[in-house]
Amino acid sequence: MRPVGLYVERRSPLHALDPISKLVYAVCLALVPFVAGDLRVAFVVIVGNVVLLAIGRVLREGLIALAGVGFFLVTLFVVQGMVYPGNVTPLVRIGPLVLYLEGLAYALWLTARFVNLTLSAFVLLFTTRPADLVEELVQAGLPPRVGYVLLSVLQIIPSMAARISVIQDAQRSRGMETEGPVWVRVRALLPVLGPLVISSLVAMQERALALEVRGFGAPGPRTSYRLPWRHRLAWPARLAAVSALLLALIWRLAR
Amino acid sequence: MTGIIDVQGLTYRYPTGRTNALDDVSFTVETGQFFGIVGPNLAGKSTLCYALLGLVPQFFRGRYEGRVVVAGMDAGHTPVHELARRVGIVLQNPFTQLSGARLTVEEEVAFGLENFGVPRDEMRHWVEWAMEQVGITHLREKNPFLLSGGELQRLAIACMLAQRPDVLVLDEPTSQLDPRGTIEVFDCIARLRARGLTVVMVEHKLERLLEHADRLLLLAAGRVQACRTPSEVLESGLFQACGLALPAHVQIAAHFAARTASGALPLTVEHVAAALRAAQPLVEASGTLLAHAMEPPARRDEQLPPPAVAPAIALQDVQFAYPDGTRVFEGLSLALGDTGRGVRAAGTRHVAAGPGPIALIGENGAGKTTLVKLVAGLLRPQAGEILIDGQTIRRRTAAQIARTVGLVFQNPDDQLFKSRALDEAMFGALNLGLPPREAEQRARAALERVGLAELAEENPYDLSLGQRKMLALASVLAMQTPILILDEPTIAQDHPGVERIGRLVRELQAEGRLVIVITHDMEFVASYCPQVVVLARGEVLAAGSTRAVFARTELLHEAGLEPPATLRLARALGLAATPLTPGEFIQAWQRWRPGSLDARCPVDRP
């Protein structure tokens with residue numbers, strides 16, 4: 001059963017840092033280029049994110065995931081290079097196509113912000129178990145019921161995926177073909193979705209019942225089995241992230 | 001002693017029910033008692049469990065009359081979370097009992113305590129204690145979703161124990177477990193009971209229940225048929241009248257009118273052995289009890305024609321590991337079915353061939369289901385060859401193999417999706433490309449064979465679990481495959497259902513099909529499967545005649561299995577023979593202790 005999310009199991013200083021600090025970091029640093037409004041700042045933050053991914057020993061995974069959206073970025077350069085409203089200076093001519101300097105510069109600016117946002121998120125997502133993040137948020141004041149819903153979704157999605165494969169097996173053993181052309185695969189959907197939906201509804205009722213007898217509906221304050229995640233660099237890291245955002249604002253105002 | 005549970009005149013009907021699920025049920029359970037609940041399918045056993053926790057009527061709604069008082073609280077009106085502080089329940093399916101929101105076993109155990117606001121230090125103490133009680137301390141860091149069925153079952157019990165209930169209600173807590181796992185759960189419950197816990201347990205595995213229960217409630221069609229000591233209930237004849245079967249060793253004790261020193265019917269193998277030893281001279285029992293106890297189950301002595309040529313399966317040096325790296329088979333070689341075709345070519349030392357269905361047995365995780373999935377083409381071996389009738393299945397899709405190998409999964413809800421039982425039964429046959437009319441004929445015939453002919457127009461989801469299992473079986477039967485594999489067909493079946501499946505597998509074998517049954521039910525194997533394959537940790541420990549394999553009790557123990565009660569009784573008495581059924585035991589015992597011959601001794605196996 002593969003868990004939901006991008007988390008990569010490694011040992012690194014970044015993995016050891018508490019999830020909330022990484023969340024604060026990801027939000028602040030993703031915003032820095034937008035607030036600063038300067039391409040140079042965006043590049044500095046991108047370099048910073050790349051260094052952090054390397055410290056977290058997930059740089060390779062991060063770059064591979066980024067390459068996945070490479071096609072979208074290339075299209076962005078072509079489209080903006082051709083049709084950006086402020087285009088005046090032709091730069092490259094490929095047959096009938098002309099790419100303009102202004103359009104390409106704008107695409108670069110969009111791309112820098114997008115890449116930075118993605119890498120900032122990767123710093124959090126590649127080094128933090130989603131469930132750990134939710135747990136910490138609950139301990140920090142998120143209502144436990146909201147936390148439960150988030151956590152159960154994280155757990156139940158992979159278990160449903162496992163169940164789909166069991167149901168597929170059960171139907172294949174009754175002679176249902178699932179391999180071959182698209183129409184064969186589409187036709188095989190209903191016999192899989194039917195049992196999946198119905199058994200999920202039944203499981204939901206049983207789980208609701210089980211939660212009831214485990215005191216989920218009990219009034220009064222809840223406690224937590226987990227110790228809060230403590231890290232000596234938690235507050236310095238959060239402070240640094242917020243400071244970076246403030247500096248970006250000052251940079252913007254000072255220009 | 002005081003009554004910790006008091007049920008008076010409880011009548012309940014589900015909102016969509018046509019009849020009462022419980023009808024004027026009254027009983028009392030004393031503090032510290034082990035209270036067993038038995039009955040056929042649809043008797044209302046689970047509903048009664050829900051009523052003890054207030055889930056009926058508070059969760060399910062419906063029409064509710066009478067009064068249920070548990071630990072001094074009125075279960076009809078006290079909020080469930082209040083009742084749950086004193087009463088715990090372990091449901092049939094341990095998987096849906098998980099919170100679904102905790103990453104490790106220990107956090108899962110703590111979930112209830114968190115909800116009740118128990119301070120962290122206290123919580124740690126009770127979580128540790130609960131895990132120790134059921135022996136899952138070593139699993140504390142594991143993800144609950146990755147546990148085996150047996151481990152999950154113990155986790156579900158630990159979750160309830162951590163809440164330190166005064167009363168623990170268990171609804172078939174061992175249905176997913178192998179014999180060793182079952183014994184462990186019962187031992188665990190016995191330890192807790194010694195500390196004052198009151199236990200209410202619904203269980204089909206009567207042998208274990210009788211060992212521990214102080215009192216037995218016999219429920220049928222929602223009504224209490226009897227509520228007395230286990231000996232009294234078994235001797236009353238009501239048990240059989242409700243369609244239930246006495247455990248094999250109790251049948252034997254009843255036949256010889258064996259009694260304990262206190263004059264009661266002995267209920268454990270050890271007590272039956274002691275009573276038989278003490279009986280001098282042996283006498284025949286008489287009266288109703290004998291008539292009921294020894295009625296030959298499902299006419300097992302009926303003579304079936306010898307099987308036609310059966311198909312053959314050969315696995316040659318098969319290696320298989322799951323994508324997560326779990327290695328299951330490292331060079332498995334096994335031959336099943338007709339020795340004349342394909343099997344000899346396999347050149348393997350493990351052969352299960354000969355008349356009769358083949359049982360595939362072994363503890364949870366031994367590789368039984370993986371093996372049949374390989375044969376059905378649902379999994380592909382990394383190395384080695386699988387041959388059916390001498391032909392490799394390597395290049396055939398699972399759907400193509402399904403023309404030869406019919407596999408009935410353990411959980412029918414993985415298959416059923418039509419809104420009419422008949423359509424469901426036709427699904428497999430239509431997939432084979434048969435014209436609808438022929439598919440319907442075959443489906444109707446298959447429904448008839450599994451006893452669902454009357455329910456052909458019903459929605460499968462209105463059927464009981466036992467009936468849904470029969471329907472899934474019918475849909476594969478209608479495909480008329482030469483090979484039929486059944487994964488745990490007897491789970492959720494009451495005695496008549498088990499007998500029907502037993503008869504069916506023997507008939508199919510006699511028709512020339514190769515039938516393989518995966519099961520933990522050793523009594524079923526002893527009665528209906530003359531051939532057996534014992535798997536342990538991905539290896540074949542033994543294969544061949546069931547009698548020869550079961551005679552090697554040390555081998556069964558190594559595989560985490562327990563010989564049938566009849567055989568254990570024979571060993572306890574020092575009999576050299578290997579009787580597999582009560583009838584065989586009685587004959588062997590009479591030969592060994594002449595002077596007590598009973599000409600009416602039944603023959604109760606094929």
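Chain naming here is simple, since letters A, B, ... match the order of the sequence lines and numbering starts at 1 in each.
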query = Does a donor on one side chain sit under 3.5 Å from an acceptor on the other, for Ser224(A) and Gln139(A)?
reply = yes
ask   = Among Ala162(B), Pro119(B), Ala398(B), who wins on heavy-atom pairs under 4.5 Å with chain A?
value = Ala398(B)
note = Most heavy-atom pairs under 4.5 Å with chain B, out of Leu211(A), Leu209(A), Ile167(A), belong to Leu209(A)
task = Identify which of Gly406(B), Cys159(B), Ala376(B) forms the greatest number of heavy-atom pairs closer than 4.5 Å to chain A.
result = Cys159(B)
inquiry  = Counting heavy-atom pairs under 4.5 Å with chain B, which one of Pro219(A), Gly194(A), Ala170(A), Ala210(A) comes out on top?
reply    = Ala170(A)
ring-ring contact (aromatic ring centres under 6.0 Å, His included) evaluation trace for Phe59(B) with Tyr50(B) = CA-CA 9 Å; Phe59(B) 189 87; Tyr50(B) 295 151; 8.4 Å; no
query = By number, which residues in residues 99-107 of chain B have some heavy atom less than 4.5 Å away from chain A?
reply = Ser99(B), Gly100(B), Ala101(B), Arg102(B), Leu103(B), Glu106(B), Glu107(B)
ask   = Centres of the Tyr7(A) and Phe126(A) rings: under 6.0 Å?
value = no
key: Residue part contacting chain A, namely of Leu432(B), when any heavy atom lies under 4.5 Å   = neither
query = So which of Pro221(A), Ser152(A), Pro144(A) has the biggest tally of heavy-atom pairs under 4.5 Å with chain B?
reply = Ser152(A)
request  = May I ask you to name which of Gly215(A), Gly220(A), Gly217(A) has the most heavy-atom pairs under 4.5 Å with chain B?
outcome  = Gly215(A)
ask   = Out of Pro191(A), Gly147(A), Ala208(A), which one racks up the most heavy-atom pairs below 4.5 Å with chain B?
value = Pro191(A)
query = Any side-chain donor paired with an acceptor under 3.5 Å for Arg163(A) and Ser200(A)?
reply = no
ask   = Between Arg238(A) and Asp18(A), is a salt bridge (charged side-chain N to carboxylate O under 4.0 Å, His left out) present by the stated rule, with each step listed?
value = CA-CA 10 Å; Arg238(A) 294 175 199 183; Asp18(A) 67 293; 2.7 Å; yes
ask   = Which atoms of Leu98(B) come close to chain A, meaning under 4.5 Å heavy atom to heavy atom: side chain ones, backbone ones, both, or neither?
value = both
Structural part of Val127(B) lying under 4.5 Å from a heavy atom of chain A = side chain
query = Rounded to the nearest 0.5 Å, what separation is found between the CG atom of Leu416(B) and the OH atom of Tyr461(B)?
reply = 5.5 Å
task = Show your reasoning for whether ring-ring contact (aromatic ring centres under 6.0 Å, His included) applies to Tyr225(A) and Phe111(B).
result = CA-CA 8 Å; Tyr225(A) 183 72; Phe111(B) 181 78; over 10 Å; no
query = What's the shortest heavy-atom distance between Ala472(B) and Pro412(B), and which atoms?
reply = CB-CB, 4.0 Å
message = Under a 3.5 Å cutoff, is there a donor and acceptor pairing between the side chains of Ser419(B) and Asn459(B)?
response = no
